[in-house]
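Data first, discussion second: the structure below is written as structure tokens.
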Amino acid sequence: MGDKTNLRLVLTGLLLAILMAAMDNTIVATALGSILADLGGVESYVWITSAYAVAVLAGMPIFGKLSDMYGRKRFFVFGLTIFLIGSALCGIAESVPQLAVYRAIQGIGGGALLPIAFTIVFDVFPPEKRGKMTGLLGAVFGASSVLGPLLGAFITDTISWHWVFYVNVPIGIASLVLILRFYNETRQHAKLKIDWLGAITLVTAIVSLMFGLELGGKEFAWASWQSISLFSIFIVFFIVFLWAERKASEPIISFWMFKNRLFASSQVLAFIYGATFVGLTIFIPIFVQAVYGGSATNAGIILMPMLLGSVVGSAFAGFAQSKMTYRKIMVISVVVYSFGMIFMSTITPDTSRLLLTIYMILVGLGVGFSFSLLPSASVHKMDYRHRGSANSTNSFFRSLGLALGITIFGSLQTKLLTNEITTKLGASGDQAASTIDNLQTVFQPEQRAQIPSNILEVIVNAMSNSISATFLWSLIPIAIAVVAVYFMGNEKLEVSKKSLANEPLQD
């Protein structure tokens, strides 16, 4: 694929698909209130987000491997088509259970889009351009996590929640047309034996884990038989999966890849960055609304500095890959990210908007490096038939970190919040319980004005302290990331003529 126009059009199609799939969960989360007000089923709302997340996570490694075996284009087109069908169905859903099923259909498609899009870039662009291209894709991926809530709030307020899903259709069709028309994959693919046992056990294990994390502490107590059963199923099937992968001729996840220190450390970093960054996208808007008293739309706008930082970080990492080793770039990343998170752990009701903006730029800049660099590091020196699996494994670990981060840090923040409110209002137990049960009033300007000033002060301080303490706790996994960076070695993106000659030919 030597034509520059074709390359640009293919890249445009990939960027549209990444933006659409990566943004989907965050854009829907903003519209949840309107969806539940229209459809009811408040007690089942968790399924709207979890059905998509579970399907994406379970599908990533499978579609990545299938793309290695049978070609990128067919599975990218398949994923895009299924995602569009799911999006259209979600827009016409008439109940929460129905919407959850349609979200799962969306998720199946999304599981193919994200990892394969990055892999196609490595297939069609020569080594000296890969860094720039992955920097661009990484910037779009990072931007989606911040743009999603803002766009979701705007669409819900100005049109209706149905268009949160319908908006995917024109974007997806444009991507589909560009890929079908301009991406010509000419490599021949041998028919290999599909690892059915590995696929089935992996999906079962991931679905059980995700539902255990999503429902534990909400629908069921952590110590309930339902939670214990889900985690037990995960452990059993994950053990069987590990056994199956060691026996399979074409395993879904190739464990030999983890013997490569660059690949292994990149997966650890993807997991940690995913787990810690998601807390920022959740808790900063909460801080703005509950502590500063801003609206939901303002909370979305205030994330824009973090978006700017992540885009700059991703672009810099992309450009620097051919000039610096992966490790040196990630050293800059983890240092900036650490300082940003340290500063975030100091926020109080007295922290100015300007300071909060600077802190957000720092954490966005630090985490942005990972969006473009880690996919590139994961496929470093991998031949064509292993790139899809390597890239999907990286996407899988980042998404798994995100899911675990939401659960762990969300539970931690809630625990810290309720403990402080109970302690501060300890002399009045009933009052404390009532305050905790009605915390949503602090997010609504009209009702907030009616809260007694002494109670409001307790809530605001407790919310601020719980969020800053949660950011402080997140420094523990970031410290582990420092160690992982050390083990990356001294590899860097190769751009020699020899490496160009070894590239698979594309039309």
Side-chain angles (χ1 to χ4, degrees), residues 17-29 31-32 35 44-67 75-91 93 95-118 141 144-145 148 164-165 168-169 172 196 198-215 219 230 233-234 237-238 241 252-253 274 278 388-389 391-407:
I18 288 177
L19 177 66
M20 181 180 63
M23 189 169 58
D24 203 74
N25 244 350
T26 55
I27 194 175
V28 172
L32 267 180
I35 293 173
S44 305
Y45 81 94
V46 67
W47 297 97
I48 297 175
T49 54
S50 62
Y52 180 83
V54 169
V56 167
L57 197 58
M60 277 181 176
I62 295 173
F63 284 120
K65 184 63 181 181
L66 290 174
S67 77
F75 285 103
F76 188 84
V77 169
F78 169 80
L80 197 49
T81 303
I82 295 299
F83 188 90
L84 290 178
I85 292 172
S87 297
L89 290 172
C90 286
S95 67
V96 168
Q98 194 177 67
L99 180 58
V101 172
Y102 297 155
R103 288 282 286 158
I105 294 173
Q106 256 193 316
I108 292 172
L113 294 181
L114 293 174
I116 296 178
F118 274 92
F141 181 83
S144 67
S145 63
V164 166
F165 300 105
N168 291 328
V169 177
W196 290 111
I200 293 170
T201 52
L202 176 63
V203 169
T204 304
I206 294 304
V207 168
S208 300
L209 174 64
M210 289 293 291
F211 281 145
L213 294 172
E214 290 284 351
L215 303 178
E219 299 290 315
L230 286 169
I233 292 171
F234 161 69
F237 276 85
F238 186 68
F241 168 72
I252 299 296
I253 296 179
V278 70
S389 181
N391 220 323
S392 64
T393 300
N394 188 253
S395 298
F396 173 83
F397 273 99
R398 186 183 291 275
S399 298
L400 182 61
L402 185 148
L404 288 173
I406 291 174
T407 300

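- Side-chain atoms of Thr204 and Phe241, non-hydrogen and from C-beta on, never get closer than 4.5 Å to each other.
- Here the CG atom belonging to Leu84 is positioned 9.0 Å from the CD atom belonging to Gln106, to the nearest 0.5 angstrom.
- The line from CG of Leu400 to OG1 of Thr393 is 12.0 Å long, rounded to the nearest 0.5 Å.
- Using a 4.5 Å heavy-atom cutoff, the side chains of Phe78 and Ile116 are not in contact.
- Here the CG atom belonging to Leu57 is positioned 8.0 Å from the CG atom belonging to Leu202, to the nearest 0.5 angstrom.
- Taking the side chain as every heavy atom from C-beta outward, Leu209 and Leu230 never approach each other to under 4.5 Å.
- Taking all atoms of both residues into account, the shortest heavy-atom contact from Ala17 to Leu80 is CB-CD1, 4.4 Å.
- Of the possible polar contacts, none joining the Ser399 side chain to the Phe396 backbone as a donor-acceptor pair under 3.5 Å is found.
- Going from atom OG of Ser87 over to atom CD1 of Ile82 covers 11.0 Å, rounded to the nearest 0.5 Å.
- Between the CG atom of Asn168 and the CG atom of Leu19 there is a distance of 9.0 Å, given to the nearest 0.5 Å.
- Ser67 and Gly388 make their closest contact through OG-CA, 3.9 Å (heavy atoms, listed as atom of the first residue, atom of the second, distance).
- Between Arg103 and Phe165, some side-chain heavy-atom pair lies under the 4.5 Å cut-off.
- Separation of atoms CZ (Phe63) and CG (Leu113) is listed at 9.0 Å; rounding is to 0.5 Å.
- The nearest pair of heavy atoms linking Ala112 to Gly79 is CB-CA, 3.8 Å.
- Ala93 and Tyr102 get closest at one heavy-atom pair: CB-CD1, 4.0 Å.
- In this structure, Phe234 and Phe238 have parallel ring planes: the angle between them is below the 30° cut-off, well short of the 60° mark.
- Enclosure of atom CZ in Phe237 is not indicated, since only 12 or fewer non-hydrogen atoms of other residues, nucleotides or ligands lie within 6.0 angstrom.
- Contact detail for Ser392 and Pro61: the closest heavy-atom pair is OG-CA, 3.6 Å.
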